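These notes concern the structure reproduced below.
Note that the coordinates shown come from a computational prediction; the quantities given were computed from them, not determined experimentally.
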Amino acid sequence: MTDSDSGGSEGAEAPRPTPADAPAERRADEPSDWPGREEREPPIWPTIVAAVKGTALDLTEAPLRQAIILMAVPMVLEMVMESVFAVVDIFWVTKLGANAVAAVGLTESMYALVYTVAMGLSIGVTATVARRIGEKDEDGAARAAVQAIILGLAVAATIGILGGIFAEEMLAVMGAPPDLVADGAGYTRVLFAGNASVLLLFLINAAFRGAGDATVAMRVLWFANGINLVLDPCLIFGLGPFPELGVTGAAAATVTGRGLAVLVQLWVLFRLSDRLHVAARHVAVIATASWIGLVRVLSGFGPEALAGYTIGVRIILFALLPSWGMANAAATLVGQGLGAGKPERAERAVWLAGRLNFYFLGAVGVLLIIFARPVVAVFGPDPATADFAVRFLQIVCGGFFFYAYGMVLTQSFNGAGDTWTPTWINLGCFWLFEIPAAYVMAHPLGMGPPGVFLALALAYSALAVVSGVIFKKGRWKEKRV
């Protein structure tokens with residue numbers, strides 16, 4: 001074989017060509033800034049359409065930009081719907097008064113433990129399934145999905161029993177006065193008793209994403225939240241044949257919507273999926289949890305401060321959740337890239353996703369700072385609650401440029417199966433720094449609720465910086481799953 005032949009052959013030992021002498025044909029994983037590389041990328045709009053429709057494609061071989069779009073678009077749309085639901089849900093609850101909103105805020109701060117467990121388990125599921133898919137081990141991917149479902153059911157049963165029995169005591173421990181406990185106990189009990197719907201929804205969708213089938217996960221969550229949006233006002237206010245349940249109705253709508261979505265997931269998983277198919281033979285969590293501490297500090301400043309925080313968090317989630325779609329896309333590409341033996345491609349995917357997230361989230365943050373008061377006014381809160389919500393947005397959104405990279409970087413560790421690195425980063429930034437800082441700034445330093453809001457912004461910014469430093473060291477590339 002001649003030198004010229006070997007230089008143009010796939011897998012040859014010849015030195016990699018430089019941009020000056022690069023041939024016209026290049027591998028899909030070569031850097032996107034080489035001359036002529038952009039022409040080989042498929043057009044963006046057809047790729048977006050394919051992402052929404054769902055297209056079977058080997059993500060370890062596709063052009064990198066195309067792979068990111070195919071994974072990110074369904075995840076972003078999925079999170080957009082979740083954001084819409086979070087905002088509409090609190091919009092209806094606000095009509096019941098500050099006590100109802102405060103009850104939701106207290107309950108959801110505790111329920112963050114459920115989301116933490118769900119996200120923690122789903123991280124492992126995505127990483128394991130993605131790695132098996134990258135290795136072309138479809139049976140191994142299916143077995144991982146089944147194990148996740150079994151584990152999720154066991155965890156949900158424990159949480160559901162404890163939360164259902166001790167709802168009043170949990171609210172009291174969080175500093176709720178007796179009238180707030182009376183108003184919110186039903187909401188707390190229903191939400192915790194039905195937590196299996198959340199856990200399984202997260203875990204099964206994580207398996208689909210790990211297999212590169214983000215479109216199924218998107219459609220399932222749209223189905224769940226569509227039901228939630230319809231049932232919310234019906235069960236809260238007793239519209240038509242539905243009973244008037246007040247704030248408890250919001251929890252009932254959530255559990256019902258997600259529960260029906262889980263049934264759809266299982267049907268797809270066992271019957272319809274062509275990428276992750278489970279057959280009979282296969283059947284053989286920290287940042288959000290720190291909200292408990294923040295809410296406990298805020299509860300001493302009255303229901304208006306807590307209600308303002310709750311409204312502000314829902315608006316922030318509306319902005320952040322689509323960005324999680326980009327972060328989850330990066331995590332899947334990292335897992336599949338490492339499984340296919342392409343660590344450099346995995347790293348490029350992370351930095352590209354981070355840059356795209358930076359542009360989007362930074363722009364959203366600036367808009368929310370400028371228009372904080374009219375955005376909050378949409379929810380119709382009383383003036384005191386509105387003032388707290390506006391202050392929350394103006395402080396927390398200032399760190400959105402940091403958060404954009406932080407979300408992508410921490411998810412990339414998880415996609416590699418390196419779950420301990422983000423665990424320790426989260427413990428340090430949120431439990432060892434954020435909660436003590438919130439207390440000190442709110443009480444000894446006399447800043448009140450704005451001190452709590454500032455602690456939250458600083459913690460997320462610190463997470464981005466620390467994650468970036470550790471990511472650059474590259475040890476995540478050596479992780480075995």
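- Judged purely by distance below 3.5 Å, without hydrogens or angles, the side chains of Tyr187 and Glu108 pair a donor atom with an acceptor atom.
- Pairing each heavy atom of Thr410 with each of Ser467, the nearest pair is CG2-OG, 3.2 Å.
- Distance check: Cys429 SG to Glu434 CD gives 9.0 Å after rounding to the nearest 0.5 Å.
- In this structure, Asp89 pairs ionically with Arg314, as a charged nitrogen and a carboxylate oxygen lie closer than 4.0 Å.
- Remark: Arg258 engages Glu82 in a salt bridge (Lys or Arg N to Asp or Glu O under 4.0 Å) (not counting sequence neighbours).
- One finds the CD1 atom of Ile315 at 12.0 Å from the CG atom of Leu320 (value rounded to the nearest 0.5 Å).
- A 4.5 Å side-chain heavy-atom check between Trp92 and Leu235 finds every atom pair outside the cut-off.
- Contact annotation: the side chain of Cys397 approaches that of Ile316 to within less than 4.5 Å [non-hydrogen atoms, C-beta and beyond].
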Under the criterion side-chain contact (heavy atoms from CB on, under 4.5 Å), I'd like the reasoning laid out for Tyr403 against Val396: C-alpha separation, chi angles, the key distance, then a yes or no.
CA-CA 10 Å; Tyr403 310 163; Val396 174; 3.8 Å; yes
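- Within the 6.0 Å centre-distance limit, the rings of Phe471 and Trp351 are counted as a close aromatic pair.
- Every residue meeting the side-chain contact (heavy atoms from CB on, under 4.5 Å) condition with Leu263, not counting sequence neighbours, appears here in chain and number order: Leu260.
- Met326 is not listed as a side-chain neighbour of Phe360, based on a closest heavy-atom distance of 4.5 Å or more.
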Begin with the C-alpha distance, continue with both residues' side-chain angles, and end with the deciding distance and a verdict on side-chain contact (heavy atoms from CB on, under 4.5 Å) for Leu191 and Asn195.
CA-CA 6 Å; Leu191 210 57; Asn195 79 95; over 6 Å; no
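- Within the 4.5 Å cutoff, the side chain of Phe402 has heavy atoms near those of the Val465 side chain.
- Applying the ring pair (Phe, Tyr, Trp, His ring centres under 6.0 Å) rule to Phe192 yields the partners Tyr111; only residues at least two apart in sequence or on another chain are considered.
- Across Ala185 and Leu171, no two heavy atoms sit closer than the pair N-CD1, 3.6 Å.
- The shortest side-chain heavy-atom distance between Tyr309 and Val295 falls under the 4.5 Å cut-off.
- Across every non-hydrogen atom of Ala207 and Val129, the tightest pair is O-CG1, 3.5 Å.
- Between the side chain of Thr126 and the backbone N or O of Ala206 there is at least one donor-acceptor pair closer than 3.5 Å.
- In this structure, the side chain of Thr107 does not engage the main chain of Val104 through any donor-acceptor pair within 3.5 Å.
- The CG atom of Leu458 sits 4.5 Å away from atom CG of Leu454, with the distance rounded to the nearest 0.5 Å.
- Within the 4.5 Å cutoff, the side chain of Lys477 has heavy atoms near those of the Glu344 side chain.
- In this structure, Phe400 has its ring center no closer than 6.0 Å to that of Tyr460.
- Take Ala193 and apply the side-chain contact (heavy atoms from CB on, under 4.5 Å) test, not counting sequence neighbours, and it matches no residue.
- Asp418 places none of its side-chain heavy atoms less than 4.5 Å from the side chain of Glu478.
- For residues 159-169, the pairs satisfying salt bridge (charged side-chain N to carboxylate O under 4.0 Å, His left out) are Glu168-Arg189, with sequence neighbours left out.
- For Ala196, the side-chain contact (heavy atoms from CB on, under 4.5 Å) partners two or more places apart in sequence, or in a different chain, are Ala156.
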What's the verdict on side-chain contact (heavy atoms from CB on, under 4.5 Å) for Leu427 and Phe433, showing C-alpha distance, side-chain angles and the deciding distance?
CA-CA 8 Å; Leu427 280 172; Phe433 170 73; over 6 Å; no
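- Across all their heavy atoms, Ala416 and Leu338 have their closest contact at CB-CD1, 3.5 Å.
- Considering CE of Met170 and OG of Ser109, their distance stands at 9.0 Å, rounded to 0.5 Å.
- To the nearest 0.5 angstrom, Ser461 atom OG is 9.0 Å from Leu463 atom CG.
- Taken to the nearest 0.5 Å, the CG atom of Leu199 stands 10.0 Å off from the OH atom of Tyr115.
- When each of Asn205, Val220, Leu200, Val198 is checked for a side chain to side chain contact (heavy atoms under 4.5 Å, CB included) with Val262, only Leu200 meets the rule.
- A pairwise comparison of heavy atoms in Phe208 and Gln265 identifies CZ-O, 4.1 Å as the closest pair.
- For the residue pair Arg355 and Tyr405, the shortest heavy atom distance occurs at CA-OH, 3.4 Å.
- Between the side chains of Thr254 and Asn228, not a single donor N or O lies within less than 3.5 Å of an accepting N or O.
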Steps toward side-chain contact (heavy atoms from CB on, under 4.5 Å) verdict (Phe430, Ile435):
CA-CA 7 Å; Phe430 295 111; Ile435 295 175; over 6 Å; no
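- No donor-acceptor distance shorter than 3.5 angstrom exists from the side chain of Asn357 to the backbone of Ala353, with no hydrogens or angles considered.
- At a threshold of 4.5 Å between non-hydrogen side-chain atoms, the residues Phe392 and Val313 count as touching.
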